[in-house]
Each structure stands twice: as structure tokens, then as C-alpha cells.
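Worth saying up front: this structure is predicted, and the values here are computed from it rather than measured. To find a chain, count down the sequence lines: A is the first, B the second, and so on, and within it residues start at 1.
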There are 2 protein chains.
Amino acid sequence: MRLSTKGRYGVMAMYRLAVNYEAGTTSLKDIAEDLDYSDAYLEQMFAILKRERLITSHRGPKGGYRLAKNPYDITIGEVIRALEGPIEFSSCVGGTENYDCKRSSLCVTKEIWEKINDSINSVIDYITLGDLLDKYNKNFNKAKRS
Amino acid sequence: MRLSTKGRYGVMAMYRLAVNYEAGTTSLKDIAEDLDYSDAYLEQMFAILKRERLITSHRGPKGGYRLAKNPYDITIGEVIRALEGPIEFSSCVGGTENYDCKRSSLCVTKEIWEKINDSINSVIDYITLGDLLDKYNKNFNKAKRS
DNA sequence: CTATATTCCGAGTGGAATAGTAGGGAATAT
DNA sequence: ATATTCCCTACTATTCCACTCGGAATATAG
């Protein structure tokens with residue numbers, strides 16, 4: 001019951017794009033090297049993120065990827081759901097391929113799984129890539145001050 | 001990023017034991033048949049739950065399992081963590097076998113995963129098996145009334 | 001004492017998912 | 001032209017999941 005590397009790598013990479021958002025595009029290779037991820041693997045995530053219109057791409061030298069929107073308009077939830085599908089703590093509830101447990105109307109636990117889904121979603125839908133940028137600056141300034 | 005059947009089956013089975021808590025022991029076979037689970041598989045969960053001292057067992061005819069404590073003193077969180085290990089939305093944070101991402105002190109996403117872990121835990125640690133019993137009675141009465 | 005009902009225990013297994021590799025093709029800035 | 005970048009599809013090794021199987025230990029009823 002855990003995020004796969006897809007979600008984790010994806011969020012980290014999107015943060016990288018957020019950092020460079022004003023400057024322009026960033027190449028996959030740079031990000032992969034910087035984060036020490038396999039570039040061929042990260043490529044698959046970028047393909048999904050592009051399909052979901054969270055990033056844009058440009059080929060050729062000086063090409064690369066860029067966020068499709070302002071970092072403050074992209075939530076962590078959008079990124080995670082794009083890469084991992086809808087949050088679905090238990091297979092009974094929340095996703096597309098719901099397992100139908102026959103007595104779901106009587107099931108005493110269904111409500112628990114729904115509550116958990118909601119609580120996860122409310123965390124990830126509240127945080128934007130822009131928030132992460134702010135957080136970094138805060139830490140950066142803190143480090144400078146001390 | 002989902003509960004395995006272990007957690008789901010486990011909570012359902014523990015609820016069954018909660019229903020029968022006053023009456024005494026319940027055999028694994030009865031629960032497995034009632035819930036339509038594989039009994040040999042459910043057995044493995046009961047072994048864990050027993051090891052974690054959430055249930056007691058008694059062998060021989062008229063034997064079976066029973067909650068080790070009052071249903072109101074067992075949270076869903078205890079059951080889930082016993083069966084699935086600690087809540088760990090991302091492998092960076094929360095569990096035993098933490099993946100060390102080298103720059104974890106600078107990592108902007110770490111805090112997100114911690115928040116998610118906390119929010120899941122606060123849901124499941126708040127609900128007891130006794131609460132589920134109450135919920136069932138409420139639904140039962142509602143059904144009777146209509 | 002014996003037959004039976006139950007828990008206990010360890011090992012094995014098929015399929016799905018994860019976490020990648022590999023390799024070539026297409027666009028484009030210089 | 002050519003180097004650089006994205007684009008696309010297929011393949012693979014490993015791990016995890018959801019079981020299955022066989023039998024031993026133990027308690028109860030008759």
C-alpha cells in the first residue's frame with residue numbers, strides 16, 4: 001500500500017520542471033542525471049504526463065520539457081493521479097476497476113476506505129508545485145541566515 | 001498504492017470476531033465460509049494477528065479464535081499495521097525499511113509523504129472494531145424502521 | 001480410548017505488477 | 001549535415017500477491 005516509483009519520481013521530476021519554469025525547457029537527461037534516475041524509465045513517466053497535458057515538450061537541441069501551466073496551478077494530486085491512477089486505498093472503493101464485494105451496501109468497512117481515500121486526496125490536492133518552490137526558498141533562506 | 005487483501009480480509013474477519021466476542025470463539029472455517037474467503041489463506045492472517053496478540057485461539061472441537069481484547073479497545077489501525085506493516089505511502093518515509101534518498105534533508109517532497117502517512121493513521125487509529133459494531137446496529141435499525 | 005474438529009506450521013506456485021532495458025525513429029537548432 | 005533532443009514499442013528480470021497443499025499438534029465428545 002505504497003506509491004510506486006512512478007509517482008515518486010514523477011513528483012520529483014515535476015518539481016525540477018517547476019524550478020526551471022520561468023527559464024524555459026529542461027532536458028530529460030539533465031533531470032535524470034540530477035536525480036540519479038534511469039533516463040529511459042523517466043521517459044515513460046514524461047510520456048504519461050504529456051498525454052495528461054501537465055507538461056509540454058520540444059524536440060531537438062535546446063529542446064526539453066516544461067510545465068504546461070504555472071507551478072501554482074498544478075497540484076501534487078494531479079501528478080500522482082496521472083501516473084498512478086485514482087487513489088484507491090482498498091479495491092472496493094474509489095477507482096475505476098472497483099471490486100464489487102456483493103454485500104457492499106451492508107459492508108461496515110467500506111466507509112473506512114472512503115474516508116482514507118478522502119484524507120489522502122485532501123492532502124495531495126492542497127499542495128501545488130508552487131508551494132514546493134516556496135518551501136525550498138524558505139529552507140534556502142534559513143540556511144543562509146544560520 | 002493500495003491495501004492488499006491481507007488488510008481487507010483481516011479487518012473483515014476481525015469484525016466477525018467482534019460480533020461474536022461476547023458469545024466466545026469462532027472457527028476459522030465459519031468466518032471463511034461466511035465471507036467467502038479461502039480458509040487456508042485466512043489462516044495466515046490469523047497467525048499474524050495471533051502473534052501480534054490481537055486474537056487468542058483454542059484448538060479442538062468447539063475451538064476457534066476470539067479477540068484478545070474488547071472490540072472497543074482494538075483499532076482498525078492496529079489490525080492493518082499488524083498485517084501490512086507500518087503505513088508508508090512513499091518508501092522514503094514512515095516504515096522500517098526506509099529507502100534513503102541521499103538528499104533526504106533537502107527533499108521537498110518528504111514532508112508530503114509524512115503528511116499523507118499521518119492523515120491515514122489518524123483515520124484508522126480513530127476507528128475501533130466496537131465502532132463498527134455500533135454502525136451495524138444503526139444500519140440494522142434503520143432497515144427495520146423502513 | 002478413539003474419532004473428529006480444530007488450530008498450527010512450512011513450503012511451494014502461478015500470475016500480475018514493478019522497475020526497469022534496449023533500440024531505433026522523428027523532429028529541429030545550429 | 002549533424003548532434004541533440006523527444007518519441008515509441010517491445011522486451012526482461014525481479015519481486016510481490018494471493019493463494020494452495022500436506023500434514024502435525026491438540027483438544028473435545030462420546
Side-chain angles (χ1 to χ4, degrees), chain A residues 1-10 12-13 16-17 20 24-68 80 83-85 88 90-91 95 97 99 101, chain B residues 1-10 12-13 17 20 24-33 35-68 83-85 88 90-92 95 97 99 101:
Chain A
M1 162 214 45
R2 178 191 292 176
L3 209 61
S4 72
T5 51
K6 264 198 179 122
R8 193 154 46 89
Y9 289 9
M12 288 297 285
R16 257 9 190 227
L17 293 184
N20 282 15
T25 61
T26 318
S27 79
L28 183 117
K29 193 159 153 280
D30 285 352
I31 295 177
E33 268 174 17
D34 196 18
L35 294 173
D36 198 32
Y37 297 162
S38 148
D39 55 345
Y41 187 41
L42 191 58
E43 208 174 87
Q44 295 174 23
M45 279 142 248
F46 275 26
I48 297 170
L49 292 167
K50 196 193 168 185
R51 201 174 62 222
E52 300 290 325
R53 305 196 182 286
L54 293 174
I55 59 177
T56 58
S57 63
H58 194 71
R59 288 204 265 203
K62 298 280 168 189
Y65 295 92
R66 191 172 184 234
L67 297 185
I80 290 178
L83 293 166
E84 308 246 2
E88 186 180 14
S90 169
S91 53
E97 26 143 4
Y99 162 69
C101 66
Chain B
M1 160 213 44
R2 176 192 294 179
L3 208 61
S4 71
T5 51
K6 265 198 180 123
R8 192 154 45 88
Y9 289 10
M12 287 298 283
L17 293 184
N20 283 14
T25 60
T26 318
S27 79
L28 180 102
K29 194 160 153 275
D30 284 353
I31 296 178
E33 268 173 18
L35 294 173
D36 198 32
Y37 296 162
S38 147
D39 55 345
Y41 186 42
L42 192 58
E43 205 174 275
Q44 292 175 21
M45 279 141 245
F46 275 26
I48 297 170
L49 292 166
K50 195 193 168 184
R51 201 174 61 223
E52 300 291 324
R53 305 197 183 285
L54 293 174
I55 58 178
T56 57
S57 63
H58 195 70
R59 288 204 264 203
K62 299 279 168 187
Y65 294 92
R66 192 172 184 236
L67 297 185
L83 293 166
E84 309 247 2
E88 187 179 16
S90 168
S91 54
C92 316
E97 28 146 1
Y99 162 70
C101 66

inquiry  = Whether Tyr9(B) contacts dC19(D) is assessed here as follows: a side-chain N or O lying under 4.0 Å from the phosphate OP1 or OP2. Is that the case?
reply    = yes
Student check: side-chain heavy atoms of Thr56(A) and Lys50(A) closer than 4.5 Å = no
query = Would you say the side-chain atoms of Glu43(A) pair up with the backbone N or O of Leu28(A), donor to acceptor, closer than 3.5 Å?
reply = no
query = Out of dG25(C), dC19(D), dT26(D), which nucleotide sits closest to the side chain of Ser38(B)?
reply = dC19(D)
request  = Give the rounded distance in Å between these two atoms: CG of Asp30(A) and P of dC6(D).
outcome  = 9 Å
ask   = Which word best sums up how the rings of Tyr9(B) and Tyr37(B) line up, parallel for under 30°, tilted for 30 to 60°, or perpendicular for over 60°?
value = parallel
DNA chain D: 5'-proximal contact among Gly63(B) and His58(A) (nearest heavy atom) = His58(A)
ask   = With sugar-phosphate meaning primed atoms plus P, OP1 and OP2, does Phe46(A) contact a base, only sugar-phosphate, or nothing at under 4.0 Å between heavy atoms?
value = nothing
query = Among dA27(D), dT30(C), dG25(C), which nucleotide sits nearest the side chain of Lys62(A)?
reply = dT30(C)
task = Report yes if the side chains of Thr25(A) and Lys62(A) come closer than 4.5 Å at any heavy-atom pair, otherwise no.
result = no
Separation of dC9(C) P from Arg51(B) CZ (nearest whole Å) = 10 Å
task = Quick one: look up who dT30(C) pairs with, Watson-Crick or G-U, both distances under 3.5 Å, and put none if it's unpaired.
result = dA1(D)
inquiry  = Can you measure Leu42(B) atom CG to dA18(D) atom C1' for me and round it to whole angstrom units?
reply    = 13 Å
query = Under 4.0 Å: is that the gap between some side-chain N or O of Lys50(A) and OP1 or OP2 of dC6(D)?
reply = no
Residue mapping more 5' on DNA chain C - nearest nucleotide basis, Ala40(B) or Glu43(A) = Ala40(B)
task = State, yes or no, whether a side-chain contact exists between Ile48(A) and Leu54(A) at a heavy-atom distance under 4.5 Å.
result = no
ask   = Please walk me through it: do Ser27(B) and Tyr65(B) pass side chain to side chain donor-acceptor pair (under 3.5 Å)?
value = CA-CA 6 Å; Ser27(B) 79; Tyr65(B) 294 92; over 6 Å; no
request  = Could you check Gly64(A) against Gln44(A) and say which one's nearest nucleotide on DNA chain D is further toward the 5' end?
outcome  = Gly64(A)
key: Phosphate-side-chain proximity, Thr5(A) and dA19(C), N/O vs OP1/OP2 below 4.0 Å   = yes
ask   = Within this structure, what is the CE-to-P distance between Met45(A) and dC6(D), rounded to whole angstrom?
value = 15 Å
ask   = How long is the line joining CD1 of Ile48(B) and P of dT7(C), in whole Å?
value = 16 Å
query = With respect to the side chain of Ser57(B), which nucleotide from dC8(C), dT5(D), dG20(C) is positioned closest?
reply = dC8(C)
message = Just N and O in the side chain of Tyr65(A): are any of them under 4.0 Å from OP1 or OP2 of dC7(D)?
response = yes
task = Please report, rounded to the nearest Å, how far the P atom of dT20(D) is from the CG atom of Leu28(B).
result = 13 Å
request  = To the nearest Å, give me how far apart CZ (Arg59(A)) and C1' (dT2(D)) are.
outcome  = 16 Å
query = Which whole-number value in Å describes the distance from Leu3(B) CG to dC17(D) P?
reply = 11 Å
message = Looking at Ser27(B), I'd like to know whether one of its side-chain N or O atoms comes within less than 4.0 Å of OP1 or OP2 on dA5(C).
response = no
